[in-house]
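Each chain gets a letter, A, B and so on, in the order its sequence line appears, and its residues count up from 1.
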2 protein chains.
Amino acid sequence: MIRISKKVEYALMALKFISNSEHKLVTAREISDKGNIPYDLLSKILQKLKNENILISNQGTNGGYSMNKRPDEIPLFSLMNVIDGETAIAECLMDNSVKDCCLTDSCSIKNPVTVLQKEVEELFKKKTISDFV
Amino acid sequence: MIRISKKVEYALMALKFISNSEHKLVTAREISDKGNIPYDLLSKILQKLKNENILISNQGTNGGYSMNKRPDEIPLFSLMNVIDGETAIAECLMDNSVKDCCLTDSCSIKNPVTVLQKEVEELFKKKTISDFV
DNA sequence: TGAAATAGGACTATGTTAGTCCACATTTAA
DNA sequence: TTAAATGTGGACTAACATAGTCCTATTTCA
Ligand code: FES
Ligand code: FES
C-alpha cells in the first residue's frame with residue numbers, strides 16, 4: 001500500500017496552521033486542539049521539524065513555534081524523510097538496507113523498479129508545502 | 001513510507017518470468033526456485049492473479065501457469081490492487097474507510113492530499129507490466 | 001517560585017506485511 | 001487404478017512498522 005503516514009499528515013496540518021498564523025507564535029496545544037491531533041504525538045513531530053530547521057521554537061511561557069522557511073522551500077519529499085525517515089519504493093532501494101534483501105542478487109526487476117522510484121521521488125520533490133497551505 | 005510490497009514485487013518477478021517463457025507452462029515451483037521466492041507465498045499470489053484473469057492455470061501433472069493478458073494490458077496500479085487490496089495515499093481516502101478517521105471533519109488538507117492521490121494514481125496507472133518485462 | 005511551554009526518552013497498543021502449515025482437488029502418467 | 005505432480009485455499013504465526021501514551025526534564029517569564 002502506498003500512503004502518507006498519519007505523522008506526515010499531522011505535520012502538514014501543523015505547517016498549514018502555523019503558516020496561516022503569520023507573526024504570532026503558535027503552541028503545540030493550540031494546533032492539537034484545533035486539528036484534533038494527539039498532543040504528545042504532535043509534540044514529537046514539531047520537535048523534529050524544529051531540529052531540521054523547518055520551524056523555530058521558543059520555550060517557556062508564551063513560547064511556541066513559528067516558520068523558519070517559506071512553505072515553497074519545503075518539498076514534501078524531505079518532509080516525509082524528516083518525519084518517517086528514509087523513503088523508498090522498495091525495501092532493497094533504501095540506503096540503509098544493509099539488512100540484505102534475500103533477493104539482492106536474484107531480483108529480476110530491480111532496474112525498472114529503480115526507474116519507478118525516481119519518478120515517484122520526482123513527484124514528491126516537486127510538491128511543496130505551499131501546495132498544502 | 002511509500003513502497004511496493006514484497007508481494008507485488010514477487011508478482012512482478014513472476015509475471016516477468018512467465019512472460020519470458022512464451023508457449024510453455026511455468027510452475028510455481030520453478031518460479032520460486034529461480035527467483036528465490038518463498039513457495040507458499042508465491043502460490044497465493046499466483047492464485048490471485050489467476051482469479052483476476054491475469055494468468056491461466058492448469059492443474060495436475062505437467063500443469064502450471066501461463067499469461068492470459070499481454071503485459072501492456074496490465075497496469076501496475078491494478079496489479080497492486082489485486083495483490084494488496086485497496087490502495088490510497090492516505091487512510092481517509094480509501095473507499096472502504098468506513099472506520100471513520102477521527103479527522104474526517106477537522107482535516108484541513110484533504111483537498112491537496114486528494115490531488116496528490118490522483119497524481120500518484122496516474123503514475124501507477126500509466127506503468128504497465130511491460131515496463132518490468 | 002510556579003505556571004506555561006518545549007524537549008525528549010521509554011514504553012505500549014494496534015495493525016500490516018510477510019511467511020508458514022496443512023488438508024484438499026485435479027490431472028496425468030505409469 | 002493408483003501415485004505423483006501440480007494448483008487451491010483456509011488458518012495460523014512471526015516480524016515489523018505505525019500510532020499513540022506516559023513520564024520526567026528543561027527553559028522562560030511573570
Ligand atoms: S530486490 Fe528490490 S526491486 Fe527486487
Ligand atoms: S483526514 Fe485524510 S487527508 Fe486528512
Side-chain angles (χ1 to χ4, degrees), chain A residues 1-11 14 18 24-33 35-52 55-66 68 80 83-88 90-92 94 96-97 99 101-103, chain B residues 1-11 14 18 24-33 36-52 55-66 80 83-88 90-92 94 96-97 99 101-103:
Chain A
M1 199 186 333
I2 297 241
R3 46 197 285 277
I4 292 203
S5 69
K6 275 285 179 222
K7 286 185 195 176
V8 168
E9 184 170 345
Y10 294 154
I18 298 170
K24 98 172 192 293
L25 293 183
V26 183
T27 68
R29 179 62 64 186
E30 219 177 326
I31 303 173
S32 160
D33 288 347
N36 205 6
I37 303 171
Y39 173 77
D40 288 301
L41 188 50
L42 177 64
S43 294
K44 297 293 164 53
I45 294 167
L46 296 175
Q47 282 164 37
K48 273 191 186 168
L49 296 180
K50 177 250 168 178
N51 287 331
E52 299 291 327
L55 294 179
I56 292 173
S57 75
N58 295 86
Q59 287 191 319
T61 310
N62 300 329
Y65 295 93
S66 57
N68 195 27
M80 292 170 64
I83 303 291
D84 290 334
E86 194 66 45
T87 296
E91 214 177 320
C92 62
M94 303 190 10
N96 67 13
S97 185
K99 51 164 163 185
C101 172
C102 57
L103 296 178
Chain B
M1 202 186 332
I2 295 242
R3 47 194 286 277
I4 292 203
S5 70
K6 275 285 180 223
K7 287 186 194 175
V8 169
E9 184 170 346
Y10 293 154
I18 299 171
K24 97 172 193 293
L25 295 182
V26 183
T27 68
R29 178 63 62 186
E30 219 178 327
I31 303 173
S32 161
D33 287 347
N36 204 6
I37 302 170
Y39 173 77
D40 287 302
L41 188 50
L42 177 64
S43 294
K44 296 291 163 54
I45 294 167
L46 296 174
Q47 282 164 36
K48 272 190 185 168
L49 296 180
K50 177 248 170 180
N51 287 332
E52 299 291 328
L55 294 179
I56 293 173
S57 74
N58 295 86
Q59 285 191 321
T61 310
N62 300 329
Y65 294 93
S66 58
M80 291 169 64
I83 304 290
D84 290 335
E86 193 68 45
T87 296
E91 214 177 320
C92 63
M94 304 191 7
N96 67 13
S97 185
K99 51 165 162 184
C101 171
C102 57
L103 297 177

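- Relative to the side chain of Lys50(B), the nucleotides dA19(D), dA18(C), dT8(D) differ in distance, and dT8(D) lies closest.
- Minimum atom distance to the side chain of Tyr39(B) is reached by dG7(D), of the listed dG8(C), dA18(C), dG7(D).
- Closest to the side chain of Tyr10(A), from the set dA18(C), dG20(D), dT6(C), is dG20(D).
- Rounded to the nearest 0.5 angstrom, Ile56(A) CD1 and Tyr65(A) OH are separated by 12.5 Å.
- Phosphate contact (OP1/OP2 of dA17(D), side-chain N/O of Ser5(A), threshold under 4.0 Å): absent.
- Nearer the 5' end of DNA chain D, as judged by each residue's closest nucleotide, is the contact made by Gly63(B), out of Gln47(B) and Gly63(B).
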Practice prompt. Report, as a single string ordered 5' to 3', how protein heavy atoms within less than 4.0 Å touch nucleotides 22-30 of chain C: B base, S sugar-phosphate only, - not at all.
Written response: B---BBBS-

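- The structure places CD of Glu9(A) at 12.5 Å from CD1 of Ile83(A), a figure rounded to the nearest 0.5 Å.
- Across dG7(D), dG20(D), dA7(C), the shortest atom-to-atom separation from the side chain of Ser57(A) is found for dA7(C).
- Expressed to the nearest 0.5 Å, how far CG of Asn51(B) lies from CG of Leu46(B) amounts to 11.0 Å.
- Distance check, rounded to the nearest 0.5 Å: OG of Ser32(A) to CG of Leu42(A) gives 6.0 Å.
- Side chains of Ile37(B) and Ile45(B) form no contact here, defined as non-hydrogen atoms less than 4.5 Å apart.
- Between Arg3(A) and dA19(D) there is a side-chain N or O to OP1 or OP2 distance below 4.0 Å.
- Distances from the side chain of Asn51(A) to the nucleotides dA18(C), dT18(D), dG8(C) place dG8(C) closest.
- Distance check, rounded to the nearest 0.5 Å: CD1 of Ile18(B) to OG1 of Thr27(B) gives 9.5 Å.
- Checked by distance alone, Lys44(A) brings a side-chain donor or acceptor within 3.5 Å of a matching partner on the base of dG9(C).
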